[in-house]
Number of protein chains: 2
Amino acid sequence: MPSSRPLRADARRNREALLSAARQAFLGGDADAHVEDIARSAGVAVGTLYRHFETREALIEEVYRKEVDDLCAAPGDLLNQHAPEEALRRFLLLLVDHAAVGKGMSVALENIMATDSPVFDDARTRMGDALSRLLDAGSAAGTVRGDVTGPTLLRALGGICAMRVSEGWLDEARQITTLLLDGLRHGAPRAS
Amino acid sequence: MPSSRPLRADARRNREALLSAARQAFLGGDADAHVEDIARSAGVAVGTLYRHFETREALIEEVYRKEVDDLCAAPGDLLNQHAPEEALRRFLLLLVDHAAVGKGMSVALENIMATDSPVFDDARTRMGDALSRLLDAGSAAGTVRGDVTGPTLLRALGGICAMRVSEGWLDEARQITTLLLDGLRHGAPRAS
DNA sequence: CCATAAGGTGAGTCCGGTTCCGTTTACGTG
DNA sequence: CACGTAAACGGAACCGGACTCACCTTATGG
């Protein structure tokens, strides 16, 4: 149902320009850029922006949904090239590094965790599935514990990446992720 | 420098009422309560609110600073009553549960991680110290690995608690925390 | 080319945080 | 127990930023 009519040429162009401008703004530091500015830097008026996106939030959603799309493609490749445990390791760190591209992306992950929006809900599902694939592979290979689900792990990562702090947060995020991995490894001592 | 003059009686009363009303609002779900409402439910006008608090943000800060104060008191007691590892375990879970009181508290922890405000900076320091105390005790007892610092662990927790999501997030937060604890335990398999 | 509906525009509305100043009140003093 | 004064209060007005709407422009298919 997404396309009632194929969308006029200039409309599609403007839509693209808006997404690109917004991406620019959000992925670069400014997490609360004004709609007016985004619209202007895309060469259109606010009205046009609102023709294409229900709300400011909706625009942000769209930008990040694409980002998530990219990320979700990774597990398949990784599982082909590495042992499950290693694939998991790489994917988690990839996620963290990706969040580092701009503080914006971390906001995205955080939002994916926090909102009820159907869009994010969908993204969460796909991301959780991606993680599940990795976890299952590891579990089947006997190198990863089997009692943690993809969605749960996703939450941990969302949380970690939500700490968009100055100086050195990336190193800490990596360290924490490593910690998590150690906990996930099959044979880790259990708490209770 | 905090007190130039001891603050008039009614003023102190109103300040208290405002803090209490705000606490009520934030700790109960509504993370973005309107200042107008907070003021009204404290029985004063907005002007009064702004006499006591520089800004909406400042009010929130104040509310949560107290919350953090309480939390920071815990490690001492726990170390007296339990082995270090167990004390650490309980404190982390206490933290998570505390966040559960209302979604508001989790916002607080998140903010502690994210802002540069001197108030939060201070809170972060004290919280980090509290955790360090626990980690050091465990490390000295040989039951906890020694290469993780309090501040780092705090970030992990801040992240985890930032996931203020509906339904079941508390259980997941607990599980993730347990995961972290398993990773922290001395003798856990290392990643690299 | 024209008709027409899709698309664009930007001044205006709405909303919520913040300010400002006239009024009220606590409280030290004579 | 007045009184004077500085402190506190109230709330209408202000302002910035997201969002709307009535009108204009333009792509497009016949």
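Note: hydrogens, waters and symmetry copies are ignored here, and every other heavy atom, side chains too, is used. What you see is a predicted model, and the numbers here were worked out from it, not measured in a lab.
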### Message
Strictly below 4.0 Å: does A:Thr55 bring a side-chain N or O up to OP1 or OP2 of D:dA18?
### Response
no
## Note on the structure
For A:Thr55, the side chain to side chain contact (heavy atoms under 4.5 Å, CB included) test, sequence neighbours excluded, returns A:Glu57, A:Ala58
### Residues in side chain to side chain donor-acceptor pair (under 3.5 Å) contact with A:Arg174, at least two apart in sequence or another chain
A:Asp97, A:Asp171
### Message
I need the full list of salt bridge (charged side-chain N to carboxylate O under 4.0 Å, His left out) pairs touching residues 127-144 of chain A, with sequence neighbours left out, sorted by first then second residue.
### Response
none
### Message
According to salt bridge (Lys or Arg N to Asp or Glu O under 4.0 Å), who are the partners of A:Glu86, at least two apart in sequence or on a separate chain?
### Response
A:Arg89, A:Arg90
### Query
What residues, two or more places apart in sequence or in another chain, satisfy side chain to side chain contact (heavy atoms under 4.5 Å, CB included) together with B:Ala140?
none
### Task
Round to a whole Å and report the spacing from CZ of A:Phe53 to C1' of D:dT20.
18 Å
#### Entry: Residues in side chain to side chain donor-acceptor pair (under 3.5 Å) contact with A:Arg12, at least two apart in sequence or another chain
none
### Query
OP1 or OP2 of C:dG7 sitting under 4.0 Å from any side-chain N/O of A:Thr48?
no
### Query
Looking at residues at least two apart in the chain, or sitting in another chain, which of them share a side chain to side chain donor-acceptor pair (under 3.5 Å) with A:Arg51?
none
### Task
Let me know, please, whether B:Ala9 or B:Glu54 comes out on the 5' side of the other along DNA chain C by nearest nucleotide.
B:Glu54
## Note on the structure
From CG of A:Leu49 across to P of D:dC21 the rounded distance in Å is 17 Å
### Summary
Within residues 33-44 of chain B, the residues having a heavy atom closer than 4.0 Å to DNA chain D are B:Val44
### side chain to side chain donor-acceptor pair (under 3.5 Å) partners of B:Arg40, counting only residues at least two apart
B:Asp37
#### Entry: Nucleotide C:dG7, atom C1' - distance to CG of A:Leu7 in whole Å
10 Å
Polar atom pairs (N or O), protein with nucleotides 20-25 of chain C, under 3.5 Å:
| unit_1 | atom_1 | unit_2 | atom_2 | d |
| --- | --- | --- | --- | --- |
| C:dT25 | O2 | B:Arg8 | NH1 | 3.3 |

### Chi angles and distances behind the salt bridge (charged side-chain N to carboxylate O under 4.0 Å, His left out) call for B:Arg185, A:Asp182
CA-CA 10 Å; B:Arg185 191 160 286 112; A:Asp182 288 346; over 6 Å; no
### Message
I'd like to know if A:Arg13 pairs up with A:Asp10 as an ion pair, taking the criterion as any Lys NZ or Arg NE/NH1/NH2 lying under 4.0 Å from an Asp or Glu carboxylate oxygen.
### Response
no
### Task
May I have the distance from A:Asp32 (atom CG) to D:dG16 (atom P), rounded to whole angstrom?
16 Å
### Task
Please determine if a side-chain N or O atom of A:His52 lies less than 4.0 Å away from the OP1 or OP2 oxygen of C:dG7.
no
### Query
How many Å lie between CZ on A:Arg56 and C1' on D:dG17, as a whole number?
10 Å
### Query
For residues 14-23 of chain A, which residues have at least one heavy atom under 4.0 Å from DNA chain C?
A:Asn14
### Query
Taking only residues two or more places apart in sequence, or in another chain, which ones meet A:Arg23 in a salt bridge (Lys or Arg N to Asp or Glu O under 4.0 Å)?
A:Glu67
